[in-house]
Peer 1: 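Below is a structure I'd like to ask you about.
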Amino acid sequence: MNQQLAKFAFHKITENVQTIDKLRELSFKLEGELFYDPNLPKHQTMRLAYATDASVYQEVPVAVAIPKSKEDLKKLIQFARDTKITLIPRTAGTSLAGQVVGAGIVVDVSRSFNRILELNVEENWVRVEPGVIRDDLNSYLKPYGLMFGPETSTASRAMIGGMIGNNSSGLHSIVWGDTRQNLIAATVLLDDASEAIFEELDELQLFQKLSAQSREGDVYRTVNDLVSKPENIAAINAGYPKKSLTRRNTGYALDLLANTDKPFNLCQILAGSEGTLALVTEAKLQLMPLPPQEVGLLCIHFMDMVECMQGNVVALSHQPEASELVDKYILDFTVGHPTYQHNRFFITGDPQALLIVEFRADELEALHIKADALISDLQQQGLGYAYPFVTGSSATNLVWDVRKAGLGLIRNLPGDEQPVNLIEDCAVSPEDLPSYVADVQSLLREEGVHASYYAHAGAGELHIEPFINLKSADGKRKFRTILDRTTDLVLKYNGSLSGEHGDGRLRGEFIGKVLGQQVYSLLQQTKRLFDPDGVFNAHKIVDTPPMDSALRYDTVTDASAIPTYFDFTKEESILRLAEKCSGSGDCRKSEITGGTMCPSFMATRDEKDTTRARANMLRQFLTNSTKKNRFDHQEIKEVMDLCLSCKACKSECPSSVDVAKMKAEFLQHYYDVHGASFRSSLIANFTKSQQLGSYVAPLYNFLVESPVFSKIIKRVAGFAPDRSLPTVHYTTLSRWIHKQPSKPNKRKVYLFSDEFTEYNDTAVGITAYKLLTQLGYEVTVPKHVESGRTYLSKGFVKKAQKIANRNVDLLRGLISADSPLLGIEPSAIITFRDEYIDLVDVSKREQARGIAENALMIDEFLIREIEAGHIREEQFTTAKKQIKLHGHCYQKAFHLVGYTERLLSFPTHYDVEVIPSGCCGMAGSFGYEKEHYDVSMQVAELVLLPAVRATDQNTIIAAAGTSCRHQIKDGAQRKSYHPVEILYDALL
């Protein structure tokens, strides 16, 4: 097969039949799963989902293995030896140098190898499997007063195996160290599938290892001989970076093994080896006590980058815990961002660079003393112009979140010139940073390239990301040239080509230039000593392919030629929106870390169920498909299947990759070719069926509640047998309100009677009406049609477009700041603020925006009225109530849960606690569908349902979403209440 087809097998193809037959035989031997057949959509979906990481590279693997046991790993190793198909170990897949991209078998250990095996509190160590997430581990350790120090910006999803592979460091590395320093021992599988333990050895233990007649003994003998020869030691000492530089991750750490002052420990070169030497199955990690609780961040503002680096040198003399850079590019992308605008509270003016210097202490006063001393020192040297000092964990976390989101935020840059991982991992000693940065700035000016600068100033490693158009020939030229020229600077300052992101296939080509050809030859020998047959991650670090081959954008497509129903103008195109995914993997965090994105991944732990996989799948097919309808691919349908359209990615993804919008767009195009299923049409037309049911409510409710008839209905519709069906109310909300006597009032509001409240949750709507009228508002239900939410959820975008146009026509000129449109059901009212703007005809766009600005959740409106003094505390009871609140996904996506929490806390003695849940798992129709029921319940069981079950019967469960309340009823057999019901009961 030619190289292009090897990279993208988009058509049903016949690959090497012999290889496929061997892979099929292997699949029968594994306890876990193996995806290898390009002619099976699910297999091809998995292969494409693993074709990328967080780097600029893309190559479809031969197969993807999800091993279930150590025996599976051994069988895979034996298969790799026999077939010469390399194994590519992978955990979170957030590598930036293409470490887990290649034409081999990707071995994803993240799903099954995620146990914490042993904790020794007395000796401060823990033994874990490689798929344990760093932040999840620290959550487990926190009650013991311990933590694992290395802290990457991806710590919410980065796993120990990947951290060992890259020798991850993080923003506190100047105090907490890197992974290598905190790796006590590792259990590994060698290239013959035999097990070995790498650990610190005294002279006797080393002698025993060297004497062993085994593959492990072979490794120890040959490696020890390599690093003991005087000529090798001399070359190593001459070639490796200066000793004062802690970020030194170029090649294998032979300089540490050659250091005879320390006991021999092969963990020294295992860390940072990128899975090229052995397969880690267990790791014994050094732990540290939790740091002092009082945290202070001195946010030093500069108008010049070089001046900022001078300030960093001053800051380091004050022994901070961290010193991190954030530049203007990143700061600018926080402006107006749905999440990060809120984080800008500490910014003064318009700084070109921001240095975040962290101090910790047991007492707040000690923090201020440290900060004041640094400020005085900076001012004496004329460095910086503003020095806000932020304390308190809530506020400091907001500051750090801006820094950690840097990579994702700058992906919001419009156009094809995008930040690329290239020289972002080069490191020099901190004292050399001012000169180094000046040299890099000069280099980039000569190449006509801008760049973003951020990250680990305290450790001498800046993530400098040039903005390059890799879709163009000139961009590809600059890609190579800039790295080549930067290596000259690394040599000039005796720095390191790689600090923590690794060499991978990006920088491996230049290791010989930086360390010297003699050292590079030693690195090649090291690889061969461990792995002569290329079993483990071949062609990474040494013997790599050209750094400008197998790029994501080797194929370029005219995005304007892809027609869409939604308006993607602000995203530039649907393709550009998909391309914004940086691969940073924020969508892979677990329920322990919290948040909502991505609920299906949290349940399944399958890469194909991430936001990242969905965006990449769309990007790959929209770029490479030869079909007239580029959306017409079963593989896209496969990867979109478990998307709950929760909208969390719209706000939680730093790049705001809105998969819910893209999924709806995809489904409509897919229907255009294949038509829609009966069930999808039934769900989309939910409003019509409920309207018909409302005319014969008693009969309808009898049928859907009857064990016999409901079973038949569910079987015919394709609904889960264990899911209860919604009933209709004896009247509709609009009909009930129409019968109420008119109560004119200067304060007038319009109530949107959405399709769920109109027919099913009518009692909630009636209560909302009563609450508003008793609080002194004139409530009118304006003429409108349904929101279109059910159509959008199932991808009937053309029908939803007609509904949106109709509602804008009916409501324009009516809705304003003085007479807002209030919603009871989050998913319906937020449709006005979200989809309508990109859905209505161009001629109605401004009118849609006017309505969107004044389409409010009823919670929002009431809080505004409370703040304006129109609603008073004395209007409510002083009785005590305990309330547990679950926020609807759309409320979370638009940062509205806080309004509900404040509203329910308004009565004097109402105590509200927000359940730290993500999605409830119901997601409209998703939880009804037979094949999705199990995942729906898995999502609910992550946090929500256990939290509800743990709540006593006297505590009120609050949930604004009708689907959420339905899930709580089905899953926990508890009744939950809409916030307006709770507040209405509190009225005096």
Side-chain angles (χ1 to χ4, degrees), residues 77 80-81 86 164-165 167 180-181 183-241 243 248-280 496 498 502-503 508 511-512 514-544:
I77 290 172
R81 286 192 75 178
T86 195
I164 292 171
N167 186 33
R180 180 183 288 126
Q181 292 169 288
L183 179 63
I184 299 172
T187 303
V188 303
L189 294 177
L190 299 175
D191 67 317
D192 67 343
S194 64
E195 191 169 89
I197 297 177
F198 296 166
E199 59 187 341
E200 191 174 282
L201 303 173
D202 60 29
E203 289 187 13
L204 176 59
Q205 291 169 324
L206 178 58
F207 177 76
Q208 292 170 338
K209 292 282 189 182
L210 295 173
S211 303
Q213 297 304 305
S214 63
R215 181 72 183 110
E216 181 183 19
D218 291 341
V219 168
Y220 272 95
R221 280 189 294 276
T222 52
V223 173
N224 182 64
D225 182 62
L226 185 78
V227 297
S228 299
K229 291 179 179 178
E231 62 270 25
N232 291 348
I233 294 173
I236 288 167
N237 289 336
Y240 275 78
K243 301 296 184 184
R248 45 197 306 111
N249 218 31
T250 307
Y252 302 120
L254 297 179
D255 56 328
L256 299 180
L257 275 188
N259 181 355
T260 55
D261 295 337
K262 292 184 179 180
F264 195 88
N265 188 346
L266 284 180
C267 284
Q268 300 277 24
I269 59 171
L270 182 70
S273 65
E274 303 178 9
T276 62
L277 303 181
L279 196 58
V280 177
S496 181
S498 170
D503 301 311
I511 293 176
V514 173
L515 297 186
Q517 289 303 321
Q518 189 174 347
V519 171
Y520 184 70
S521 176
L522 295 178
L523 299 180
Q524 290 175 308
Q525 291 178 55
T526 302
K527 169 64 174 174
R528 288 196 294 270
L529 295 175
F530 274 89
D531 183 24
D533 295 316
V535 169
F536 300 120
N537 212 6
H539 310 303
K540 310 293 165 55
I541 299 181
V542 296
D543 304 320
T544 61

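Everything numeric here is computed off the predicted structure, so don't read it as measured data. No hydrogens, no waters, no symmetry mates; every other heavy atom, side chains included, goes into these values.
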Peer 1: Rounded to the nearest 0.5 Å, how far does OG1 of T187 lie from CZ of F198?
Peer 2: 10.0 Å
Peer 1: Between T276 and F530, is any pair of side-chain heavy atoms under 4.5 Å apart?
Peer 2: no
Peer 1: Looking only at atom types and distance, does a side-chain atom of T86 sit under 3.5 Å from a main-chain N or O of G534, one as donor and one as acceptor?
Peer 2: yes
Peer 1: Taking all non-hydrogen atoms of both residues, which atom of P532 and which atom of R215 are closest, and how far apart?
Peer 2: CD-NH2, 3.6 Å
Peer 1: At what distance, to the nearest 0.5 angstrom, does CG of D192 lie from CZ of R81?
Peer 2: 5.5 Å
Peer 1: Does the side chain to side chain contact (heavy atoms under 4.5 Å, CB included) test come out yes or no for L183 and R180, once each step is laid out?
Peer 2: CA-CA 5 Å; L183 179 63; R180 180 183 288 126; 5.8 Å; no
Peer 1: Restricting to side chain to side chain donor-acceptor pair (under 3.5 Å), what partner residues turn up for E200, sequence neighbours left out?
Peer 2: none
Peer 1: So, the side chain of D533 versus the backbone of V535: is there a donor-acceptor pair under 3.5 Å, distance only?
Peer 2: no
Peer 1: Are the side chain of T526 and the backbone of L522 linked by a donor-acceptor contact shorter than 3.5 Å?
Peer 2: yes
Peer 1: How long is the gap from CG on L523 to OG on S273, to the nearest 0.5 Å?
Peer 2: 12.0 Å
Peer 1: Using modelled atom types and a 3.5 Å cut-off, is there a donor and acceptor pairing between side-chain atoms of T544 and backbone atoms of I541?
Peer 2: no
Peer 1: With a sphere of 6.0 Å drawn around CD of E203, does it hold more than 12 non-hydrogen atoms of other residues, nucleotides or ligands?
Peer 2: no
Peer 1: Okay, side chain of S194, backbone of L190: is any donor-acceptor separation there less than 3.5 Å?
Peer 2: no
Peer 1: Please give me the minimum heavy-atom distance between A278 and L270, naming the atom from each residue.
Peer 2: CB-CD1, 4.5 Å
Peer 1: Does any part of the side chain of F207, heavy atoms only, come nearer than 4.5 Å to the side chain of Y220, both counted from C-beta?
Peer 2: no
Peer 1: So how far is it from I233 CD1 to L254 CG, rounded to the nearest 0.5 Å?
Peer 2: 11.0 Å
Peer 1: Using modelled atom types and a 3.5 Å cut-off, is there a donor and acceptor pairing between side-chain atoms of E274 and backbone atoms of D503?
Peer 2: yes
Peer 1: Please enumerate all residues that pass side chain to side chain donor-acceptor pair (under 3.5 Å) together with N537, with sequence neighbours excluded.
Peer 2: K540
Peer 1: Taking salt bridge (charged side-chain N to carboxylate O under 4.0 Å, His left out) as the cut-off, I'd like each qualifying pair that reaches into residues 521-532, sequence neighbours left out, listed once.
Peer 2: K527-D531
Peer 1: Using salt bridge (charged side-chain N to carboxylate O under 4.0 Å, His left out) as the criterion, list what pairs up with K229, not counting sequence neighbours.
Peer 2: D225
Peer 1: Can you tell me which residue pairs pass the side-chain hydrogen bond (donor to acceptor under 3.5 Å, both in side chains) test with a partner in residues 204-214, sequence neighbours excluded?
Peer 2: K209-E216
Peer 1: Quick one: does I77's side chain get under 4.5 Å of F536's, heavy atoms only?
Peer 2: yes
Peer 1: Can you list the residues that meet the side chain to side chain donor-acceptor pair (under 3.5 Å) rule with D255, with sequence neighbours excluded?
Peer 2: R248
Peer 1: In Å, rounded to the nearest 0.5 Å, how long is the span from OH of Y252 to CG of L529?
Peer 2: 10.5 Å
Peer 1: Say you draw a straight line from CD1 of I184 to SG of C267; how long is it, rounded to the nearest 0.5 Å?
Peer 2: 9.5 Å
Peer 1: Do L256 and I269 come within less than 4.5 Å of each other through their side chains, counting heavy atoms only?
Peer 2: no
